[in-house]
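Here the structure is a predicted model, which is why all the values come from computation and not from measurement.
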Amino acid sequence: MARKKNRPTLALPTPEGAITTEPVTSSDLGTVTLPTEQPNKPSEPFFQTPLGKGLKGLFKAFASLQLAIVLLTCFGITLIAATYIESWYSTKVVGDTVYHTWWFALLLTLLLINIICAALKKMDLAALRQFRWPWKRHQTGFLVTHVGLVILVSSGLLTAFGGVEGQMVMVDTKNPELQDKAGLSNTTSTIHLGNEDQIEVFQVAVPSSHGRRRNPLGGGQDEAAERQFTEVIRAISRGEEVPENLRSLVKGTWRTTMTPGSFAWYDDPAKKFTVELPRGLKILNAIANPFPGFAATLAPGVEVKVNNYYPHTEFWPYSPAESDKLEQSFPALKVKITPPGSTEGLEKWVTGEPIPSPDSALVFFQMFTTNDPALVGEFSNPPDPLPSDAKEPSATMGREGQLVLVFPEKPHEPFRLPVDRTKLNQAIAVPGTRRKVTLLEIDDLVSYIGRMRGGAPHDPTQAGFPMVRFSVTEEDQPVEMLLCARLPQLKTLQFKSGEKQAEFSACYHYPDYQWGKKNNRVMGAMHFLQGPEGKVYYRVYGKDGLKEKGQPLDVTSTSPHELPWRPMGKPFEFRVMGYLPNAVERGDFMPRNVRPGAEPTERLQPAIRATLTIKGQPHEFWARMGMSPARVQAGDDMYLIRFRQARIHTPFAVTLERARADKDPGTTRAASYQSDILLDLKDGSAPTKHQIYMNHTLDHGGYRFFQANYQELTDPESGMPLLDGERPVAQSGLTLARDPGLEMKYLGSTVVVLGIFIMFWMKAYFFKSLGTRGAEEAAVQT
């Protein structure tokens, strides 16, 4: 390294008159303090501060191409998965697990920030400070494309948070009776939202006389208060407006909305219910709703908390008996009879409790119970009735049936006695024993009890309860017994003389499965028996007698069983839908697992198990989707809680004139659905006619109408098709969707296409040759 040399100092001439300075020493001035001037320290730039550096680093991360690749990859995978989920399950499932979730909104938000930051990254800050356009000319296409992407992503967020989608459900008949059976009208202006539910709570004042014994003479203020209270409860239960003169009885009304999702929240061991979902849906559901639940404060001291949500529940009029109620319990079996060629059928509860009214359907049902194993064989192999042309009873069968007695010393040789009025008061010896059996009376049980109580005889319009009263004599000790063919389980109707107890089994076979009440429309009968250890058996009758002997029934399986009735060459089917070995007459809700994406049906409706807390006192209740509210009484007030779909009203009304389904040629499979509707704008103009079917929608008032579903209805009483004259009555569902981001989607797509075109047209920067690109980069750096 060269050493630096000292250069000589040049003496310059001093101009005339110039001020010259001489060196000043301390001796000349003495001690002098001169003021020192500190230079101003420049302030540190913001982006050099820790906060500025952090924000700058965050901006670079959001503007990076690596983040864009990751986000776009996740977005593409999400859309592919969502497409498959929607095709496998339903639109609601994909909405609740993907499109309407917090994580999908977060993904769109991150993508939106990344697009904006990527565009801002290309700005020339120096030009921006000088109020000049901060992007270069060759970046025009890039900028336009990113603006279009911003519009597209923003429209997706707007749709996710502001979109509306729901259904209008109508029935295509004007007949009020058929509409009542279907539970639907043919005209509506209400949209039932698919992903949002509503809890309504009404606080009604209870009159002081409620629950007290009423004045038998009637009248008075108590009766008027009870009548007003009943009217208010009825109006709320039906979803109607409370009359204006009675609104003072409603002390409070609250409404709150919740979004429960598509699946049950938790398992319910008390109902033996476990949530069953495919693994993929279970993971998505856990991410979308990691902590399911809902709670809301309705008013000071009034809170509601939903403990569990069930998307599909079945209402049972019976519930399991508690341990202290077993003596008052009875078996309850729910069966479903399906006619040939139909997917819908007749559901029926068959119980062991006495029901005096006859069945109104095409099939008679009967449930017997016994704990005696000897009588199971009698149920499975009933005797043939006496021929109608027989003049005299046979040795074992009479015109009123057969009495069977099983004695302990001869358990495998039952004694059979014809039940016939010609055999009354005749003592008949039992072979191989010292017993004698005497028929004392043949009657109807209802008439017999009425006569004993001094009441009216049996009503002939009611189904009969044939009974026989007889005595068994052994060693001059008679034991008198009354036995009913339909109710062998009523042990309290045994009358005994003396102290000797009945030590035998008895069974009364009646020859008519209609129990003396003839109905020519009846196709047959199904009899069930709950035997020892809760085992269930069944047998089947036709119009001409026994068709199938008794056989065991697996009450834990829902597999179909063929029946011997073949009116159209194809058999009826029946299956077990539920079974309670010990039931009491109290309503209950039973959760059900169905295939994910299946829409709730009339039988399987959503329900909630919730707690209403009033002034610190919790009251648990169940509320099922629909109009009928749950009731909670607290002090002097009754709270009615209704759970139903949230709804909005449209400024127009839709009337369904006709719904139809086109079939594939040669099959019964529906090819397409169509609804013929009238659109009433409620502005005095004439309604307009429209047709809506698959791939043919209707746009009006910001809504787009889609044909969603179609179903031919059945009569809830008979299970047969519901007819309006000769035409089947059908239910049609129209989906109405309002997308506030729809125009933005069109605009964003157009802008993206325009930006890509501009990039090609202007020979965008990344399409140029390497030499040109290098020259531009060098120019930028200098």
Side-chain angles (χ1 to χ4, degrees), residues 167-188 190 192 335-348 359-363 519-524 560 563 565-575 577 598-605 626 653-679 687 689-696 698 705-735:
Q167 275 203 359
M168 284 184 171
V169 183
M170 295 159 287
V171 62
D172 63 346
T173 179
K174 299 179 181 179
N175 190 320
E177 295 182 2
L178 297 179
Q179 290 182 6
D180 288 342
K181 288 186 176 182
L184 295 168
S185 175
N186 68 326
T187 301
T188 183
T190 301
H192 302 266
V335 297
K336 181 179 181 180
I337 305 293
T338 306
S342 174
T343 57
E344 300 294 328
L346 170 66
E347 293 186 356
K348 175 73 176 182
D359 283 309
S360 59
L362 300 179
V363 182
N519 186 346
N520 294 329
R521 295 181 64 249
V522 172
M523 186 174 296
L563 294 173
W565 309 319
R566 298 174 178 266
M568 295 181 289
K570 296 182 180 180
F572 275 66
E573 290 183 347
F574 93 96
R575 64 183 70 203
M577 306 302 293
E599 293 292 335
T601 61
E602 185 178 356
R603 183 175 69 88
L604 297 177
Q605 285 289 320
V654 178
T655 300
L656 179 65
E657 288 192 319
R658 181 73 182 276
R660 56 173 63 89
D662 296 328
K663 309 290 184 181
D664 284 329
T667 69
T668 59
R669 184 176 56 190
S672 64
Y673 306 140
Q674 177 176 319
S675 296
D676 300 337
I677 67 169
L678 285 177
L679 190 62
K689 293 185 177 182
H690 303 274
Q691 290 184 342
I692 302 173
Y693 49 88
M694 293 181 181
N695 300 323
H696 186 272
L698 170 67
F705 295 66
F706 300 87
Q707 179 66 53
N709 52 63
Y710 168 91
Q711 180 184 1
E712 292 187 358
L713 301 178
T714 57
D715 192 324
E717 296 180 357
S718 64
M720 301 301 290
L722 197 63
L723 301 177
D724 186 356
E726 298 181 355
R727 179 181 64 83
V729 176
Q731 166 188 312
S732 179
L734 301 179
T735 295

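Each of L679, T190, I692 was scored for a side chain to side chain contact (heavy atoms under 4.5 Å, CB included) with V654, with one residue passing: L679. Checked options L184, T173, L723; the residue passing with L178 is T173 (criterion: side chain to side chain contact (heavy atoms under 4.5 Å, CB included)).
By the ring-ring contact (aromatic ring centres under 6.0 Å, His included) test, F706 pairs with no residue at all, sequence neighbours left out. Taking R658 as the reference, nothing meets the salt bridge (Lys or Arg N to Asp or Glu O under 4.0 Å) condition, with sequence neighbours excluded. For E599, the salt bridge (Lys or Arg N to Asp or Glu O under 4.0 Å) criterion is met by no residue, not counting sequence neighbours.
Between the side chains of N186 and T655, no donor N or O sits under 3.5 Å from an acceptor N or O. Using a 3.5 Å distance cut-off with no hydrogens or angles, the side chains of D676 and Q674 do pair a donor with an acceptor. Defined by atom type and a distance below 3.5 Å, a donor-acceptor pair is present between the side-chain atoms of S732 and Q707.
Atom CH2 of residue W565 and atom CD of residue E573 lie 12.5 Å apart, to the nearest 0.5 angstrom. The line from NE2 of H696 to OG of S675 is 12.5 Å long, rounded to the nearest 0.5 Å.
You'll find the side chain of K348 stays beyond 4.5 Å of the side chain of I337, heavy atoms only.
Between D172 and R660 there is no salt bridge, since no side-chain nitrogen of the basic residue lies less than 4.0 Å from a carboxylate oxygen of the acidic one.
Contact between Y710 and A730 at its shortest, heavy atoms only, is CE1-CB, 3.4 Å.
The local environment of CG in D180 is crowded, with over 12 non-hydrogen atoms from other residues, nucleotides or ligands closer than 6.0 Å.
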